[in-house]
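Note sheet for the following structure.
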Amino acid sequence: MSIAATGQPVAVERLSKRFGEVVALDDVSFEVRAGEFLALLGPSGSGKSTVLMSIAGFVRPDAGRIRIGGRVIDDLPPHRRDIGMVFQRYALFPHLSVAENLAYPLRRRGIGAAEIARRVEEVLALVRLGGYGARGVDQISGGQQQRVAIARALIFRPAVLLMDEPMSALDRKLRQHMQMELKLLHREVGATIVLVTHDQEEALSMADRVAVLDEGRLRQIGVPEELYREPADAFVAGFIGQANFLPYDAPSARVAGFASPLGDALPAGGAPHCARPAIGVRPEDVTLHPPETPGTEPCRVVEAAFGGSTQSVLVAVGGHRLTARMPAGSRLWRAGEEAGLRFRPASCRVFDLPAHQPSSWSNGDED
Amino acid sequence: MGALGLGQALSGGMAGRRHAGGGVAAMLAPALALLILGYAAPMGAIAWTSLHRGGTMGLAAYAEVLGSPTFFRILGGTLQTAAVVTLLCVVLGYPFAYLVATRGRRHAGLLLALVAVPYLTSILIRSYAWIAILGGNGLVNRTLLALALIDEPLPLVFNAMGSYIGMVHVLLPMVVLPIYAAMRRIDPALPLAARNLGASSPAVFATVYLPLSAPGLAAGGVLVFLSALGFYITPALLGAPNDYLLAQAIEVRVAVLAEFDTAAAQACVLLALVGGLMLLFRRRIAGLAEGEDIVAAPERTRAGAGLRRRTLGAMLQRAPRLRALLAALADRMGACSGPALWTFGLLLLAFLLAPIVVVALVAFSSAPYLAFPPPGLSLRWVEAFLDDRRWLEAAAFSLAASLVAAATAVAVATPLAFALARRRFRGRQFLWLLAVSPMIVPHIVIGLGLFFTFVTVGLNGHPASFWIAYTVTGIPYVVIIMLSALRRLDVDLERAAASLGAHPLATLRTVTLPLLAVAIVSAFLFAFLTAFDDLVIALFLSSPRGTTLAMRMWEDIRLEISPKTAVVGVLEIAVLVATMLGTALVQRLRRTGYRAA
Ligand SMILES: Nc1ncnc2c1ncn2[C@@H]1O[C@H](COP(=O)(O)OP(=O)(O)OP(=O)(O)O)[C@@H](O)[C@H]1O
Ligand SMILES: [Mg+2]
């Protein structure tokens with residue numbers, strides 16, 4: 001495949017940026033390996049776009065350095081960085097046809113007309129838009145526009161491809177389809193990809209590794225399983241997947257208000273020292289049993305929701321509420337029932353809750 | 001600063017901030033130089049002249065002006081005329097804007113085009129047409145006489161009535177357009193929500209539509225009032241011969257009495273009045289002149305909230321009795337609203353278009369003088385125009401001066417608009433005000449100031465004086481149109497170009513300018529028309545060295561009233577309509593072109 005490029009590693013080193021009072025980035029460092037697919041994940045305003053714009057050269061960081069292939073690019077203007085970029089609203093030139101949009105970066109590089117025509121056809125075929133070259137960019141569908149935007153960013157074989165929420169304008173079905181396509185495309189072209197998203201599902205399913213940002217700080221970077229299994233802090237645990245947080249009483253090794261100790265639910269090694277210790281546990285690690293089962297904490301079912309293959313059950317226990325998720329095949333629980341609750345062995349982790357968070361909360365029931 | 005720096009300065013989203021300071025200065029300098037030379041200096045010259053009599057400095061001129069009952073009578077008359085005209089425009093313009101805004105896009109476009117044609121036609125030519133319509137021998141009186149409804153012609157023109165009709169005709173579009181724009185911005189879901197919440201359709205109008213379109217209404221009203229204060233041509237041609245408005249009084253002092261210091265003092269009073277109102281209502285004007293963020297940015301504080309509280313919309317929200325009255329009124333009107341609104345709309349369109357039709361007929365009249373309806377049709381006046389060297393020379397002079405000035409205005413004010421839209425620098429708000437205010441400051445004041453300035457440097461009547469003057473009058477339109485276009489231009493498109501390898505200058509050439517092309521062309525057209533139609537400034541600058549077509553028409557209308565002026569009018573309207581149709585066609589072709597290509 002002639003579109004294939006050799007991916008280059010990207011190193012972001014100690015990046016900081018303020019906009020007036022707002023700290024958009026606070027000492028952010030990470031590395032993307034050559035040919036890797038990295039997702040930058042974080043809530044709105046966490047600084048994801050600012051990282052991407054800094055790499056592309058549209059934002060000049062206050063401090064820090066960016067290297068591509070080992071070379072510092074801080075002083076290169078955007079047009080000489082050779083980085084492909086897919087914009088959130090695609091930024092297709094409305095006064096140019098699809099083919100002219102695709103030819104644009106090649107023209108800027110002084111490539112001959114015959115070669116341009118050949119490569120435009122080739123890349124149109126790659127994104128399955130053969131025959132659409134003469135169309136105006138407002139005469140194709142949203143999904144097709146997105147493919148044109150990706151094709152335009154790839155046609156000049158950049159070593160690095162940046163994408164800022166490229167899927168956010170698509171409906172759910174098309175989005176899932178394009179996620180698949182993009183993964184395949186990544187394998188085909190071999191470029192290093194940095195994708196910005198606030199959709200954790202998208203990040204986990206597409207990327208080789210995920211970097212989680214919050215309030216301008218990098219919280220954790222790792223492969224999806226690692227973020228899910230071993231979140232570095234309460235924010236990551238709550239942001240990736242779902243989690244229940246319950247105040248933890250270290251001396252008695254119990255959840256505050258619980259009658260029984262946590263026992264084997266906490267992994268060996270105990271709890272690190274924390275100002276506001278809380279245990280975090282995923283809904284699927286909470287199991288419900290008939291009342292009075294030995295080794296369970298008595299609780300009451302507040303609400304139960306049937307979800308096809310699973311059931312989500314909101315229970316009240318020891319003055320807290322938490323969510324449990326179990327296979328629907330077992331026993332279906334109903335609101336008002338009494339039950340006994342247990343955590344799977346080694347499924348709980350102790351976190352230090354930030355000051356602004358309530359000592360007990362669950363994001364398991366807000367799908 | 002190199003070419004790269006300029007490119008980067010123009011395309012704001014870039015990281016290259018090191019050149020930013022120099023970039024902004026380079027973008028502002030040409031426009032600023034022309035504005036100082038052709039606008040700030042003339043205003044200074046007026047102030048200086050008003051403070052000097054017989055070589056000594058003093059307030060003698062002001063003492064004379066402010067001690068004269070005649071002056072206060074003229075001032076009062078001017079304020080009264082402006083108020084009446086504003087009221088008429090608002091009352092007529094609001095329902096019309098409502099009619100246009102509640103039609104589909106296509107109908108609305110057509111209706112607006114029909115408003116735009118007379119709006120863009122020379123005021124001189126329109127006033128001329130009104131004489132043909134309203135005169136003792138004109139269309140209206142002839143019709144009424146023929147129907148035996150009257151025994152002798154009604155005095156419809158050369159009095160206050162004529163003045164009002166002419167001024168309303170000129171200013172009506174100025175209130176329709178902002179009201180229409182405000183109405184279009186109303187979320188179409190809001191009236192539906194009000195309906196769903198139990199409001200009858202008149203109540204929807206009174207509780208949703210009216211308060212939300214009130215800012216446009218206020219903006220249009222302010223603009224009309226400010227413009228009416230400095231009106232010259234219409235009252236001079238259609239008003240009572242001895243009942244001067246302020247602008248006429250100033251002109252007479254200069255041209256007839258040669259009393260420069262009192263003329264300057266009167267101009268200063270007018271300027272203070274307009275300037276004060278402009279500052280007071282600068283938010284309203286900002287909404288019209290694309291300066292909302294520029295004016296609002298530094299002071300989004302309590303002072304701003306206080307100003308906002310005074311808006312018409314807020315007043316309506318707070319005055320239950322007024323609201324109830326309006327709702328009752330709307331209720332009454334609601335029953336017959338559809339057909340009545342259309343009838344009203346068509347009548348208003350007839351009013352707006354009548355002068356255009358009349359001009360066309362008169363141009364091809366066979367009568368040796370202005371008569372309507374023409375006794376027969378012929379090309380004699382077209383030939384007379386084409387045979388008259390003085391008219392052709394004046395036409396060529398006007399064309400050349402206007403084209404060069406419009407091109408200059410676009411060339412210097414486009415970078416200025418870029419800087420205003422994309423850069424933050426000190427004095428930004430002041431600069432915006434300086435650049436757009438020549439649109440609001442009466443041209444009689446600008447003309448007088450230019451006269452004082454150019455006379456002292458011996459440039460009066462020189463083509464260069466017209467060039468500078470018309471560049472200054474064109475700059476506001478260029479700034480406003482370009483600011484609006486830049487606001488709609490997605491910065492990501494320029495970033496995309498850069499990420500695809502385009503040098504900043506290549507981005508400018510291949511993305512920014514093509515996307516701004518329509519705006520640049522319309523900015524050029526507005527600047528050109530403002531220059532080409534100008535009479536008031538030419539009154540001060542014309543000399544044997546240079547006379548404009550408007551001056552020729554003016555003399556002709558005042559002395560003999562031949563249909564030659566109508567010929568010019570027809571030519572101008574023909575070019576205008578052709579341009580509008582051409583633009584519409586190009587846009588349609590663009591939209592459908594790719595498939596064919
Ligand atoms: N040009 C700017 N001027 C001022 N503030 C800015 C600018 N760009 C970003 N910010 C601020 O910096 C912070 C980070 O913004 P950024 O756009 O990087 O967030 P994001 O993670 O991309 O959010 P989103 O998911 O909403 O796109 C936000 O608080 C934002 O308001
Ligand atoms: Mg963003």
Side-chain angles (χ1 to χ4, degrees), chain A residues 20 49 52-61 74-111 132-140 149 152-156 158 160-162 164, chain B residues 2-20 297-298 300 422 424 485 488-520 586-597:
Chain A
S49 295
L52 217 61
M53 289 291 172
S54 305
I55 299 175
F58 299 122
V59 162
R60 180 170 280 271
D74 296 351
D75 288 325
L76 275 187
H79 67 281
R80 292 188 39 217
R81 293 194 178 192
D82 263 326
I83 293 175
M85 176 133 185
V86 178
F87 291 80
Q88 187 162 1
R89 281 159 297 140
Y90 312 143
L92 297 177
F93 302 128
H95 58 304
L96 302 182
S97 67
V98 167
E100 286 167 332
N101 264 281
L102 296 176
Y104 191 92
L106 304 182
R107 292 233 165 86
R108 300 283 81 73
R109 287 166 174 77
I111 292 171
Y132 282 83
R135 293 273 184 106
V137 293
D138 53 357
Q139 291 167 343
I140 54 177
R152 189 180 68 174
L154 287 175
I155 197 169
F156 59 101
V160 178
L161 178 64
L162 307 177
D164 195 350
Chain B
L4 179 61
L6 180 65
Q8 278 182 348
L10 288 175
S11 44
M14 306 292 136
R17 277 285 147 79
R18 263 163 292 171
H19 292 287
R300 205 169 267 149
R422 298 188 160 177
R424 303 283 170 272
R488 276 178 281 125
L489 181 72
D490 186 354
V491 187
D492 273 355
L493 290 173
E494 291 166 293
R495 289 179 168 164
S499 83
L500 296 170
H503 183 276
L505 281 180
T507 302
L508 192 66
R509 181 172 54 79
T510 58
V511 175
T512 317
L513 290 181
L515 290 175
L516 293 175
V518 172
I520 292 175
V586 166
Q587 274 174 342
R588 177 157 309 177
L589 281 182
R590 260 203 189 175
R591 228 173 293 138
T592 53
Y594 293 118
R595 218 173 296 239

Do you know the tightest heavy-atom contact between [X] and [Y]?
X      : Y      : answer
B:D492 : A:M53  : OD1-CE, 4.5 Å
B:V511 : A:Y104 : CG2-OH, 3.5 Å
A:H79  : B:A502 : CB-O, 2.9 Å

Between [X] and [Y], is any pair of side-chain heavy atoms under 4.5 Å apart?
X      : Y      : answer
B:L500 : A:R108 : no
A:R107 : B:T510 : no
A:F87  : B:S499 : yes
A:P94  : B:L493 : yes

Quiz prompt | Reported CG-to-CG distance for the pair A:L92 and B:D490, which is rounded to 0.5 angstrom | solution = 10.5 Å
Quiz prompt | Any residue meeting salt bridge (charged side-chain N to carboxylate O under 4.0 Å, His left out) with A:D82, in chain and number order, not counting sequence neighbours | solution = A:R109
Quiz item: What do the steps show when you test A:F58 against B:V491 for side chain to side chain contact (heavy atoms under 4.5 Å, CB included), and what is the final call?
Solution: CA-CA 11 Å; A:F58 299 122; B:V491 187; over 6 Å; no
Quiz prompt | Structural part of A:L162 lying under 4.5 Å from a heavy atom of chain B | solution = neither
Quiz prompt | Which of A:L106, A:I83, A:V86, A:V98 touches chain B most, by non-hydrogen pairs under 4.5 Å | solution = A:I83
Practice problem: Output all residues satisfying side-chain hydrogen bond (donor to acceptor under 3.5 Å, both in side chains) with A:R80, sequence neighbours left out; order by chain, then residue number. | Solution: none
